[in-house]
Visitor: 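Below: one structure in structure tokens.
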Amino acid sequence: MKLQKSFYLRENVVQVAKEVLGKTVHTCVNGYHTSAIITEVEAYSGRNDKACHANNGMRTKRTEIMYARGGVAYVYLCYGIHHLFNIVTNGRNKADAVLVRAVQPVEGIETMMKRRQKVEVDKSLCSGPGTLSQALGIHTREHYGLSLLSEHIWLEDAPCLKEHEIVTSTRVGVDYAEEDALKPWRFYIKDNPWISRK
DNA sequence: TCAACGATTCCT
DNA sequence: GGAATCGTTGAT
């Protein structure tokens with residue numbers, strides 16, 4: 001069953017990030033249904049986190065959706081090439097989000113391969129924040145601000161992982177965030193090969 | 001209006 | 001190790 005609004009509205013974005021691991025993300029784009037298990041995530045906090053786009057009340061056209069109530073998608077273009085998919089959490093004006101960094105394909109694998117121009121199934125298909133968005137057909141213009149209880153994109157519930165099944169590390173690519181770059185807010189499923197990097 | 005840069009990926 | 005590539009951002 002679809003994860004409900006209450007899942008996303010909780011206050012502790014780190015806790016929500018951990019619980020997102022093992023859940024399944026579904027998209028239905030141009031009539032093609034795809035789904036994949038979320039294997040790697042990072043937490044970003046709207047308060048006291050220099051790595052977050054919405055840090056220090058930073059409010060622009062791009063970050064605006066982070067200030068909405070949890071349960072919507074924050075998608076943005078990175079390096080002019082890659083769409084990165086985030087899950088907005090917490091209540092209005094909190095600006096917390098969970099970045100999905102890697103997934104394990106489940107349904108619609110042929111569709112994912114076509115979108116990624118791959119002829120074999122391996123981790124290059126969707127183990128990375130940019131590649132998974134491409135595999136799932138997530139595009140900035142279509143998915144920015146979209147409800148995660150919509151028919152286009154949603155998460156399906158699954159049992160939470162045990163602590164010993166989760167590996168914790170610092171976040172990737174946020175060296176500019178000074179002391180906040182040290183926050184242990186990246187989480188991935190232990191022994192799962194569908195990870196962006198070790 | 002303009003220049004710099006980035007929560008990355010892929011090729012050499 | 002370095003290029004690709006462009007929307008967002010903050011400063012002119």
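So that the names make sense, note that chain A is the first sequence line, chain B the second, and so on, each numbered from 1.
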Visitor: Mind checking which stems touch DNA chain C? I mean at least 3 consecutive Watson-Crick or G-U pairs, both distances under 3.5 Å.
Guide: B:1-6 with C:6-11, B:8-11 with C:1-4
Visitor: Nearest to the side chain of A/Met66 - B/dA7, B/dT8, C/dT9?
Guide: B/dA7
Visitor: Regarding A/Lys2 and the six-membered ring of A/Trp154, is the cationic atom NZ or CZ under 6.0 Å from the ring centre and inside 45° of its axis?
Guide: yes
Visitor: Can you tell me the distance, in whole Å, between the CZ atom of A/Arg197 and the P atom of B/dT8?
Guide: 7 Å
Visitor: If you assign A/Tyr176 and A/Arg116 each to the DNA chain B nucleotide with the nearest heavy atom, which residue ends up on the more 5' nucleotide?
Guide: A/Tyr176
Visitor: What is the separation between atom CG on A/Asn86 and atom P on B/dT8, rounded to the nearest whole Å?
Guide: 11 Å
Visitor: Of the candidate nucleotides B/dA7, C/dT8, B/dG6, which contains the atom at the shortest distance from the side chain of A/Tyr79?
Guide: B/dG6
Visitor: So for atom CD, which belongs to A/Glu11, do other residues, nucleotides or ligands contribute more than 12 heavy atoms lying within a distance under 6.0 Å?
Guide: no
Visitor: Taking atom C1' of C/dC6 as reference, at what distance in whole Å does atom CG of A/Leu84 sit?
Guide: 14 Å
Visitor: On the nucleotide C/dG7, are OP1 or OP2 found under 4.0 Å from the side-chain N or O atoms that A/Arg62 carries?
Guide: no
Visitor: Over all strands shown, is A/Leu99 touching base, sugar-phosphate only, or nothing at heavy-atom distances under 4.0 angstrom?
Guide: base
Visitor: Sorted by first residue and then second, give each side-chain hydrogen bond (donor to acceptor under 3.5 Å, both in side chains) pair with at least one member in residues 170-180 of chain A; sequence neighbours left out.
Guide: A/Asp49-A/Arg171, A/Lys50-A/Glu179, A/Asp180-A/Lys183
Visitor: Does the cation-pi check pass for A/Arg141 over A/Tyr144, that is, NZ or CZ under 6.0 Å from the six-membered ring centre and within 45° of its axis?
Guide: no
Visitor: If we count only N and O atoms by modelled type, under 3.5 Å, do the side chains of A/Gln104 and A/Thr39 hold a donor and an acceptor together?
Guide: no
Visitor: If I take atom CG in residue A/Asn55 and atom P in nucleotide B/dA7, what distance separates them, rounded to the nearest angstrom?
Guide: 13 Å
Visitor: Would you mind reading off the distance between A/Leu132 atom CG and B/dT8 atom C1', rounded to a whole angstrom?
Guide: 12 Å
Visitor: Does the side chain of A/Ser35 pick up a donor-acceptor pair with the side chain of A/Glu107 at under 3.5 Å?
Guide: yes
Visitor: Once you round it to whole Å, what is the distance between C1' of C/dT5 and CD of A/Gln134?
Guide: 14 Å
Visitor: Which nucleotide sits closest to the side chain of A/Leu77: C/dT9, B/dT8, C/dG7?
Guide: C/dG7
Visitor: Tell me whether the OP1 or OP2 atom of C/dT8 has a side-chain N or O from A/Thr60 closer than 4.0 Å.
Guide: no
Visitor: Please work out if A/Thr131 contacts a base, only the sugar-phosphate, or nothing of the nucleic acid, heavy-atom cut-off 4.0 Å.
Guide: sugar-phosphate
Visitor: Does B/dT8 have its OP1 or OP2 closer than 4.0 Å to a side-chain nitrogen or oxygen of A/Arg101?
Guide: yes
Visitor: Which nucleotide sits closest to the side chain of A/Met58: B/dA7, B/dT9, C/dG10?
Guide: C/dG10
Visitor: Determine if A/Tyr76 stacks with C/dG7; use a centre-to-centre distance below 5.5 Å and an interplanar angle below 30° as the criteria.
Guide: no
Visitor: What is the distance from NE2 of A/His82 to P of C/dT8, rounded to the nearest Å?
Guide: 16 Å
Visitor: Taking the inter-plane angle between the rings of A/His143 and A/His139 on a 0 to 90° scale, is it parallel (under 30°), tilted (30 to 60°) or perpendicular (over 60°)?
Guide: tilted
Visitor: Starting at the 5' end of DNA chain C, which residue's closest nucleotide do you reach first, A/Ile81 or A/Thr140?
Guide: A/Ile81
Visitor: Assess, by modelled atom type and distance only, whether the side chains of A/His83 and A/Thr140 contain a donor and an acceptor separated by less than 3.5 Å.
Guide: yes
Visitor: Taking atom C1' of C/dT8 as reference, at what distance in whole Å does atom CD1 of A/Ile65 sit?
Guide: 17 Å
